[in-house]
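A note on names: the letters A, B, ... follow the listed sequences, proteins ahead of strands, and every chain is numbered from 1.
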Amino acid sequence: DVVMTQTPLSLPVSLGDQASISCRSSQSLVHSNGNTYLHWYLQKPGQSPKLLIYKISKRFSGVPDRFSGSGSGTDFTLKISRVEAEDLGVYFCSQSTHVPPTFGGGTKLEIK
Amino acid sequence: QVQLQQSGAELARPGASVKMSCKASGYMFTTYTIHWVKQRPGQGLDWIGYINPSSGFTNYNQKFKDKATLAADKSSTTAYMQLNSLTSEDSAVYYCTRRIDPDAMDFWGQGTSVTVSS
């Protein structure tokens, strides 16, 4: 199975700061069709995960443009340009290029 | 709007089985596969498997192939997952989610909590 490694585990930030989360995969996520199926989710306490970014950098419907994704191959980054209170929670990266789909261990974004 | 409405929390004895449901609405049920994901308290996410509601085809994570059984009913646009031979390791929240393979799981149910205790 593809192992997804996220860093850091915990990210204390001040509101208005920029935040950056890294995700590394144990093998390339480039699919045979040329797409890279690397996605980002946010899970707030007591809620189910919500899709933020799909295929590295595409924002899902309704996701603010302060969220951006980048990367290629095995190294990927999620950036939040100006953290707001509603952004707090656990962020997961996930790959669906390979079967089974796998998830990173999560990064908890919290107030400093 | 797209909704995946899951059944309520379950309390079960070790060795028992539970069957949970995921009612889909707001989209064409047969266009998307339904995936199931396990989350233990304070832990990450583990993919269990998926069902194609159109064909009934299922694919399981090897870790769960003897634990979970997936089904879907097109007439009621509902997917089901049965977990058997429950142990404390099965205590978790289980989510259903939809996908057009191999893209992202875009909408998720609210989760069904399963507690296994004697």
Return all side-chain donor-acceptor pairs below 3.5 angstrom for residues 50-63 of chain A, not counting sequence neighbours, or 'none' if the list is empty.
{"unit_1": "A/K50", "atom_1": "NZ", "unit_2": "A/S48", "atom_2": "O", "d": "3.4"}
{"unit_1": "A/K50", "atom_1": "NZ", "unit_2": "A/S48", "atom_2": "OG", "d": "3.4"}
{"unit_1": "A/R59", "atom_1": "NH1", "unit_2": "A/F67", "atom_2": "O", "d": "3.2"}

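- Cluster annotation: B/L11 is not connected to B/V114 through the hydrophobic network of ILVMFWY side chains, with a link wherever side-chain heavy atoms come within less than 4.5 Å.
- The environment of CZ in A/R66 is crowded: more than 12 heavy-atom neighbours from other residues, nucleotides or ligands sit within 6.0 Å.
- In A/L9, the CG atom is not crowded: 12 or fewer heavy atoms of neighbouring residues, nucleotides or ligands sit closer than 6.0 Å.
- Hydrophobic cluster membership is shared by B/F29 and B/F57, with clusters built from Ile, Leu, Val, Met, Phe, Trp and Tyr side chains linked at under 4.5 angstrom.
- A distance of 11.0 Å separates CG of B/L45 from OG1 of A/T102, quoted to the nearest 0.5 Å.
- Contact of A/V99 with chain B is made through the side chain alone, with heavy-atom distances under 4.5 Å.
- A/Q43 and B/Q39 are linked by a side-chain donor-acceptor pair at a separation below 3.5 angstrom, with hydrogens and angles left out of the test.
- Using non-hydrogen atoms only and a strict 4.5 Å limit, the part of residues 80-108 of chain B facing chain A consists of B/Y95, B/R99, B/P102, B/D103, B/A104, B/M105, B/D106, B/F107, B/W108.
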Mind listing the side-chain donor-acceptor pairs of residues 103-110 of chain A below 3.5 Å, one per line with the distance, residues two or more places apart or on another chain?
{"unit_1": "A/T107", "atom_1": "OG1", "unit_2": "A/Q6", "atom_2": "NE2", "d": "3.1"}
{"unit_1": "A/T107", "atom_1": "OG1", "unit_2": "A/P8", "atom_2": "O", "d": "2.6"}
{"unit_1": "A/E110", "atom_1": "OE2", "unit_2": "A/S10", "atom_2": "OG", "d": "2.6"}

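- Not counting sequence neighbours, the partners of B/S75 by the side chain to side chain donor-acceptor pair (under 3.5 Å) test are B/D73.
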